[in-house]
Amino acid sequence: MAADWTRVDDYLVEALQPDDPVLDQALAASAAAGLPAIAVAPNQGKMLQLLALSIGARRILEIGTLGGYSTIWLGRALSPEGRLVSLEYDPHHAEVARGNIARAGLGGQVEVRVGRGIDLLPGLADEAPFDFVFVDADKSSNPDYFAWALKLTRPGSLIVVDNVVRGGAVTDPKGDANVQGIRRMMQMIAAEPGVSATAVQTVGSKGWDGFCLIRVNG
Ligand code: SAH
Ligand code: DHB
Ligand code: MG
């Protein structure tokens, strides 16, 4: 099954997305630096970019940078005045990401801040509201990240949360801390009258997972 999913992902990316040496090099540099291969797939990165472009996002917030692969996809959705802030706990990941972001020509618009998301988010109030938030860090903190994303956005903003299915584990009420974080976030979203949301399963080169798409009402 997984081999089929990857074959089809390879076909879809080859069919619709031009070769992209900058993004390929970002993945190669991340692998060479020992980072795990858990960046979004190329077609998922493109989807994030299209969503950000569709709403004309000028301020983007990312939680969980890794080597900056999704950051580059999103950074390319910005007009020249646009800004992206990405939060990353691991200083080594952040250093690799900064190199990849600079090689992508986005060094002037994208800032990687090092620290725990939960410690850095309160300091972003002056830079809010963000038009688009991509949540992709430690899944156990998703309830906190969703609460902060709500505070830091405006009516019409989009919030995308990655990895909400985790090979089907999300349906287990006794799942691990990551599953608990995802399930509690889902309850918060459902109880929040100020947003409209859906979640979609995905299969592909990254296995069986899914994302949650949330729109702030207005
Ligand atoms: N968005 C990236 C993938 C991120 S992987 C992409 O698709 O290309 C998750 C990242 O979150 C890792 O780099 C990990 O170090 C970071 N992370 C883990 N816990 C964190 C925390 N508490 N605060 C901020 N980042 C965290
Ligand atoms: C993991 C994290 C991710 O952001 C991802 O896309 C896939 C896996 C993980 O921590 O295992
Ligand atoms: Mg992810």
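One-based numbering, in listed order, for ligands and for the atoms of each.
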Open item on the list: Students should be able to answer this: which protein heavy-atom is nearest to atom 8 (O) of ligand 1, and at what distance?
Closed with: Ser70 N, 3.1 Å

Task: Non-hydrogen side-chain atoms of Asp209 and Arg166 separated by less than 4.5 Å - done: yes

Task: ligand 2 contact on Lys206 by region, counting heavy-atom pairs under 4.0 Å - done: neither

Task: Nearest-option assignment for atom 9 (C) of ligand 1, heavy atoms, candidates Leu66, Asp136, Asp162, Asp90 - done: Asp136

Open item on the list: Taking Pro193's backbone N and O only, do any of them form a donor-acceptor pair with Asn217's side chain (distance below 3.5 Å, no angle check)?
Closed with: yes

Open item on the list: Quick check on contacts: which atoms of ligand 2 are under 4.0 angstrom from a heavy atom of Asp162?
Closed with: 6 (O)

Task: ligand 1 atoms in contact with Gly115 (distance to a heavy atom under 4.0 Å) - done: 23 (N), 24 (C)

Task: Mode of Asn178 contact toward ligand 2 - side chain, backbone, both, neither (heavy atoms, under 4.0 Å) - done: neither

Open item on the list: For Ile38, which part has a heavy atom under 4.0 Å from ligand 2: side chain, backbone, both, or neither?
Closed with: both

Task: Non-hydrogen side-chain atoms of Trp73 and Leu23 separated by less than 4.5 Å - done: yes

Task: the Mg ion (ligand 3) contact by Asn163, N, O or S atom under 2.8 Å - done: yes

Open item on the list: How far is atom 25 (N) of ligand 1 from the closest protein heavy atom, and which atom is that?
Closed with: Tyr89 N, 3.2 Å

- [ ] Look at Asp209 and state whether any of its N, O or S atoms is less than 2.8 Å from the Mg ion (ligand 3).
- [x] no

- [ ] Taking all non-hydrogen atoms of both residues into account, name the closest pair between Leu74 and Phe134 and its distance.
- [x] CD1-CB, 3.9 Å

Open item on the list: Tell me the nearest of Ile38, Asp138, Leu74, Thr65 to atom 19 (N) of ligand 1, using heavy-atom distances.
Closed with: Asp138

Task: Basic-acidic side-chain contact under 4.0 Å: Asp4, Arg7 - done: yes

TODO: Check each heavy atom of Gln44 against ligand 2 and say whether those closer than 4.0 Å belong to the side chain, the backbone, both or neither.
DONE: neither

Open item on the list: For Arg59, is there an ion pair with Glu127 - N to carboxylate O distance below 4.0 angstrom?
Closed with: no

Task: Under 3.5 Å: N/O of Phe134 near N/O of ligand 1 - done: no

- [ ] Using a strict 4.0 Å cut-off to heavy atoms of Gly64, name the atoms of ligand 1 that fall inside it.
- [x] 1 (N), 2 (C), 4 (C), 10 (C), 11 (O)

Task: Proximal candidate to atom 13 (O) of ligand 1 [heavy atom criterion; set Glu88, Lys206, His92] - done: Glu88

Open item on the list: If the contact criterion is a heavy-atom separation under 4.0 Å, does Gly68 count as touching ligand 1?
Closed with: no

- [ ] Identify, for atom 11 (O) of ligand 2, the protein heavy atom at the shortest distance, and state residue, atom and that distance.
- [x] Arg166 NH2, 3.7 Å

Open item on the list: Looking only at protein heavy atoms, which one is nearest to atom 7 (O) of ligand 1, and what is the separation?
Closed with: Val40 N, 2.9 Å

Open item on the list: Within a 6.0 Å radius of atom CZ on Arg103, are there more than 12 heavy atoms belonging to other residues, nucleotides or ligands?
Closed with: yes

Task: Nearest protein heavy atom with distance in Å, relative to atom 3 (C) of ligand 2 - done: Asn163 OD1, 3.2 Å

Task: Any side-chain heavy-atom pair of Cys212 and Ile189 under 4.5 Å - done: yes

Task: Ile118 CD1 to Asp144 CG distance, which is reported to the nearest 0.5 Å - done: 4.0 Å

TODO: Give the minimum heavy-atom separation between Asp131 and Ile55, together with the two atoms involved.
DONE: O-CD1, 3.2 Å

TODO: Among all protein heavy atoms, pick out the one at the shortest distance from atom 23 (N) of ligand 1; state its residue, atom name and that distance to 0.1 Å.
DONE: Gly117 N, 2.8 Å

Task: Side-chain heavy-atom pair Asn142, Met188 within 4.5 angstrom cut-off - done: no

Task: Side chain to side chain, Ile63 and Leu121, heavy atoms closer than 4.5 Å - done: yes

- [ ] Only one of Val161, Asn163, Val160, Leu61 passes side chain to side chain contact (heavy atoms under 4.5 Å, CB included) with Val135; say which it is.
- [x] Val161

- [ ] Mark up the atoms of ligand 1 that fall under 4.0 Å of a heavy atom belonging to Arg116, in ascending order.
- [x] 23 (N)

Open item on the list: If the threshold is 4.0 Å, N to carboxylate O, is there a salt bridge linking Asp20 and Arg76?
Closed with: yes

TODO: Calculate the angle formed at the Mg ion (ligand 3) by OD2 in Asp162 and OD2 in Asp136; 10° precision is enough.
DONE: 90°

Task: Under-4.0 Å heavy-atom contact with ligand 1, by part of Tyr145 that carries it - done: side chain

Open item on the list: Give the atom numbers and elements of ligand 2 that come within less than 4.0 Å of a heavy atom of Asp136.
Closed with: 3 (C), 4 (O)

